[in-house]
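Here's the structure, in structure tokens; my notes come after.
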Protein chains: 2
Amino acid sequence: MTSHPQPSPFQAGTPQPGHGHSVPAGEGPDEPATGARHASGKATQKRAQARRDALLDAAVALLEDGGFPAVTHRAVAHQAGVPLAATTYYFDSRDQLVAHAFTRLVERELAATGAILDGPGSLVDRLTALVGQDRARQLGLWELYVHAGRDPVLQAIARTWTDGCDAALATALRRDRYPHTPADVRFLATLLSGLWIETTVEARPGTAAHDTLTRALNTLRAAKDVSGRLRAR
Amino acid sequence: MTSHPQPSPFQAGTPQPGHGHSVPAGEGPDEPATGARHASGKATQKRAQARRDALLDAAVALLEDGGFPAVTHRAVAHQAGVPLAATTYYFDSRDQLVAHAFTRLVERELAATGAILDGPGSLVDRLTALVGQDRARQLGLWELYVHAGRDPVLQAIARTWTDGCDAALATALRRDRYPHTPADVRFLATLLSGLWIETTVEARPGTAAHDTLTRALNTLRAAKDVSGRLRAR
DNA sequence: GCTAAACTGGGACAAGCGTACCGTTTTGAG
DNA sequence: CTCAAAACGGTACGCTTGTCCCAGTTTAGC
């Protein structure tokens, strides 16, 4: 989509409403401060913020069921119940809107991932549940992830996602007393990625995911057992 | 995408030229028989076939670098050096053209994968080379793969792709005398997928891919060593 | 030769897209 | 209250898209 050179994400080039933050790539991209906007009141800000949120939610929803090309200004506006012009008023361009939507999606995904991994059940069950989440959302997410490879700004967000997954995975491994090094985490996360995308795209029936994960975790334990046994000699 | 109902302009299957294969996967409502076109010569057939091939090649090339939305009728026609109308003459719709192009792409990709895995070098080096191929093309491939999750026809092709990768991987493991079960192959292929897509999208520097693959293959050998050692007692 | 079919290719069409314009309404500070 | 700025929203522009039409050309069978 419009692979414009655009070295910088964009600049404060247009009138631009209240939101003073540029593209999401940073760390806490959305609504960082938003406070004390020069001559803006609070009610207005709130309404504007709500509209922005509605637009973002609409974009995410459209992305989920309909895919990438479904996220058009008109569709987003209609879904959010705002006039068409609001989309360009709150977001300089479609690319920017998509970028923000991607950020939001990643945030939600990381939160969901953390919640599942912190939840009940054995680790392998939790991981299996992870890759078997709502397919529509996963498809949209992966679609964006792949698309991110074409845009430096989105690529940064994609890396954030991967890093977040690694962190969540490390926490889960620690909690369940699985011996693990950073390399182990990376290994498992990579496997999880493959499993995740294959499951999402191909949607084959069966327990292949569960089996694969069981095997991977057993490898972890086995490696420890072996080294422990050898060391004990 | 103009999802026109259009039951049939004046016939069930448009004029439609000689190409005798239907939609790549499944059976498809398109060109059911088409065999032995009554009064068609051979020279004409050949020329028509050449054009079809040129169109398909053009579509594949566009798919490779430019991704999915790059495959437009006009772009394909221009790339193939044929007039615009030829695209709708040889393919009923853009979707059909894309499906055929996808099939061809997967075939070629599987062939290329097989060639690399059958080539010289250690297995880990060959696998590393696999995930480090031309990035633009890989991006296009993954884009298509993910998109395939939204279309049953394309999904079937995607599964074919995965199965082909599994087969190629099994062959390579056998050649290099790695002990492996079908589950091992699946495990390794899944890991490879994860590694592949992460490498393609995020393009992080370093030798992480090589390391991860080394580790995975060592796991294979280790499992055998361990079981062998245990059995030897 | 002739005829009907397959093929060619230039052009046109409606639909949908991102985006910009610009007059109107709402808002909050003075 | 006044009033400038911000927010809003209808609408239009320029462009690209997929697809179709149709007159012209080539081909194969007679």
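Note that these values count all heavy atoms, side chains included, but never hydrogens, waters or copies made by symmetry. All chains are named by letter (A, B, ...) in the order of the sequence lines, taking the proteins before the strands, and each is independently numbered beginning at 1.
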How would you list, by chain and number, every residue that makes a side-chain contact (heavy atoms from CB on, under 4.5 Å) with B:Arg104, sequence neighbours excluded?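 Partners of B:Arg104 under the side-chain contact (heavy atoms from CB on, under 4.5 Å) test: B:Asp53, B:Leu56, B:Asp57, B:Val60, B:Arg108.
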Return the set of residues passing side-chain contact (heavy atoms from CB on, under 4.5 Å) with A:Glu109 (not counting sequence neighbours), or none when no residue passes.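 Testing A:Glu109 for side-chain contact (heavy atoms from CB on, under 4.5 Å), a comparison that skips the adjacent residues, returns A:Thr113, A:Gln133, A:Arg137, A:Gln138, A:Leu141, A:Trp161, A:Trp196.
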Separation of [X] atom [atom1] from [N] atom [atom2], in whole Å?
{"X": "B:Tyr89", "N": "C:dG11", "atom1": "OH", "atom2": "P", "value": "21 Å"}
{"X": "A:His78", "N": "C:dG16", "atom1": "NE2", "atom2": "P", "value": "13 Å"}
{"X": "B:Leu97", "N": "D:dT19", "atom1": "CG", "atom2": "C1'", "value": "13 Å"}
{"X": "B:Tyr90", "N": "D:dT19", "atom1": "OH", "atom2": "C1'", "value": "18 Å"}
{"X": "B:Gln96", "N": "D:dT19", "atom1": "CD", "atom2": "P", "value": "10 Å"}

Does B:Val71 reach a base, just sugar-phosphate, or nothing at all? Heavy atoms under 4.0 Å.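 If one applies the 4.0 Å heavy-atom cut-off, B:Val71 turns out to touch the sugar-phosphate alone, with no base involved.
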Could you tell me whether B:Ser93 contacts a base, only the sugar-phosphate backbone, or nothing, with contacts defined as non-hydrogen atoms closer than 4.0 Å?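 Here B:Ser93 touches the backbone only, sparing every base.
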Taking the nucleotide of DNA chain D with the nearest heavy atom to each, does A:Leu84 or B:Thr72 sit closer to the 5' end?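 Its nearest nucleotide being more 5', the pick is A:Leu84.
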[X] side chain, from C-beta outward: closest of [options]:
{"X": "A:Thr88", "options": "D:dG9, C:dT8, C:dA20", "value": "C:dA20"}
{"X": "A:Arg74", "options": "C:dA20, D:dC8, C:dT19", "value": "C:dT19"}
{"X": "B:Arg94", "options": "D:dC8, D:dG18, C:dT19", "value": "D:dG18"}
{"X": "A:Ala85", "options": "C:dG10, D:dG9, C:dT19", "value": "D:dG9"}

Taking atom types as modelled, find out whether B:Thr162 and A:Glu198 have a side-chain donor-acceptor pair closer than 3.5 angstrom.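 There is no such pair between these side chains.
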So, B:Glu202 and A:Tyr145: side-chain donor and acceptor under 3.5 Å apart, yes or no?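 Result is yes, a qualifying pair exists.
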Working for salt bridge (Lys or Arg N to Asp or Glu O under 4.0 Å), residues B:Asp163 and A:Arg204: CA-CA 12 Å; B:Asp163 291 342; A:Arg204 307 204 198 205; 3.1 Å; yes
Walk me through it: do A:Leu195 and A:Leu127 pass the test side-chain contact (heavy atoms from CB on, under 4.5 Å)? CA-CA 10 Å; A:Leu195 199 57; A:Leu127 289 175; over 6 Å; no
Testing the basics here: between A:Phe102 and A:Ala148, what is the closest heavy-atom pair and its distance to 0.1 Å?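 Smallest heavy-atom distance, with atoms named: CE2-CB, 3.9 Å.
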How large an angle, rounded to 10°, do the end axes of the helix from C:dG1-D:dC30 to C:dG30-D:dC1 enclose when each is built from five base pairs?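 Taking the rotation axis at each end, their angle is 10°.
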Distance below 4.0 Å between B:His73 side-chain N/O and D:dT19 OP1 or OP2: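 For D:dT19, OP1 or OP2 has a side-chain N or O of B:His73 closer than 4.0 Å.
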Would you say D:dA6 has OP1 or OP2 under 4.0 Å from some side-chain N or O of A:Arg51?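 Checking A:Arg51 against D:dA6: no side-chain N or O falls below 4.0 Å of OP1 or OP2.
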